[in-house]
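Everything on this sheet refers to the single structure shown next.
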Amino acid sequence: MKKRISIGYPFQYKQIGFKMKKLKGCLLFSLILVSLTYAQQKNEVLNDSIKTYTIENCVNQFKMEKAVSTNVGYQYWFADKDFIDGRTLKLSVVAPHKSTHAPHQHIEDEFFFVLEGTAEFYLDGKTQTAGAYTSFYCPSNSMHGISNVGDTELKYLVIKKYEQN
């Protein structure tokens, strides 16, 4: 009986696991963006007489001069609650070892998608730390928060739908 020796076997699975996690994160983010785009197109048809969508107002490229300063960094609204029907897309940037605010809750559910840095996600008394290409989901009325626990800026997207008045 010969013993099989496999060199590099665990390393290969770790590499594949990392690539799969990154791919899953990218796929989830793509799915969210596609659903936002589809819903926007559907809403455009329904509200055609109310609001006209053009290439100029449907493309929003980041411009630092339009970013809003916060106590711990800045935020940039790619789509604010008045753009479509309360659905929003916001970039939040948080300085190292800071939080935008203490854990809180609200009626709306929301997604966070980490682009850069190391985030600690708080949800109903538990925390999890993760890096880029990770999404966090906050169900309606759940206590939640996100903090930068790294030594570099934390950049993440917030996807949320506000109730319309």
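In this text, all values refer to a predicted model and were calculated from it rather than measured experimentally. If you read the sequence from its start, that first residue is 1, and numbering goes on from there.
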| note | The side-chain hydrogen bond (donor to acceptor under 3.5 Å, both in side chains) partners of S99 (sequence neighbours excluded) come to S147
| task | Decide if atom NZ of K98 counts as having more than 12 heavy atoms of other residues, nucleotides or ligands within a radius under 6.0 Å. | result | no
| F136 vs V114 side-chain heavy atoms within contact, under 4.5 Å | yes
| task | Please report the shortest heavy-atom distance between F113 and Y133, naming the atom on each side. | result | CZ-CA, 3.8 Å
| said: If you compare all heavy atoms of T100 against all heavy atoms of V72, which two are closest, and at what distance to 0.1 Å? | reply: CA-CG2, 3.8 Å
| query | When rounded to the nearest 0.5 angstrom, what distance separates OG in S140 from CG in D109? | reply | 6.5 Å
| query | With A79, which residues qualify under side chain to side chain contact (heavy atoms under 4.5 Å, CB included), at least two apart? | reply | F83, L89
Tell me which donor-acceptor pairs under 3.5 Å the side chains of residues 118-131 have, and how far apart each pair is, sequence neighbours excluded?
unit_1: Y122; atom_1: OH; unit_2: G125; atom_2: N; d: 3.2
unit_1: D124; atom_1: OD1; unit_2: M143; atom_2: N; d: 3.0

| message | Is it the case that over 12 heavy atoms from other parts of the model lie below 6.0 angstrom from the NZ atom of K160? | response | yes
| note | Closest non-hydrogen atoms of K155 and V93, given as atom of the first, atom of the second and distance, are CG-CG2, 3.8 Å
| remark: On a heavy-atom basis, the closest approach of N148 and L154 is ND2-N, 3.1 Å
| query | Which residues satisfy the ring pair (Phe, Tyr, Trp, His ring centres under 6.0 Å) test with H104, sequence neighbours excluded? | reply | H101, H106, H144
| With a cut-off of 6.0 Å (strictly less than), are more than 12 heavy atoms of other residues, nucleotides or ligands near CD of E65? | yes
| query | G150 and H97: which non-hydrogen atoms are nearest, and at how many Å? | reply | O-NE2, 3.2 Å
| note | By side-chain hydrogen bond (donor to acceptor under 3.5 Å, both in side chains), N60 pairs with (sequence neighbours left out) Y76
| task | Say whether Y156 and V149 are linked into one hydrophobic cluster, either directly or through other cluster members, by side-chain heavy-atom distances under 4.5 angstrom. | result | no
| query | If two hydrophobic side chains count as joined below 4.5 Å and joins carry through other members, does L157 share a cluster with M64? | reply | yes
| Closest approach of E163 to E108 (non-hydrogen atoms, all atoms of both residues) | N-OE2, 4.3 Å
| query | Hey, what else clusters with Y162 if you join Ile, Leu, Val, Met, Phe, Trp, Tyr whenever side-chain heavy atoms sit under 4.5 Å? | reply | W77
| Rounded distance (nearest 0.5 Å) linking atom SG of C138 with atom CD1 of I159 | 11.5 Å
| query | Under a 4.5 Å side-chain heavy-atom rule over Ile, Leu, Val, Met, Phe, Trp and Tyr, are V158 and I146 clustered together? | reply | yes
| field | Main-chain N/O of T52 paired to N57 side chain as donor or acceptor, under 3.5 Å | value | yes
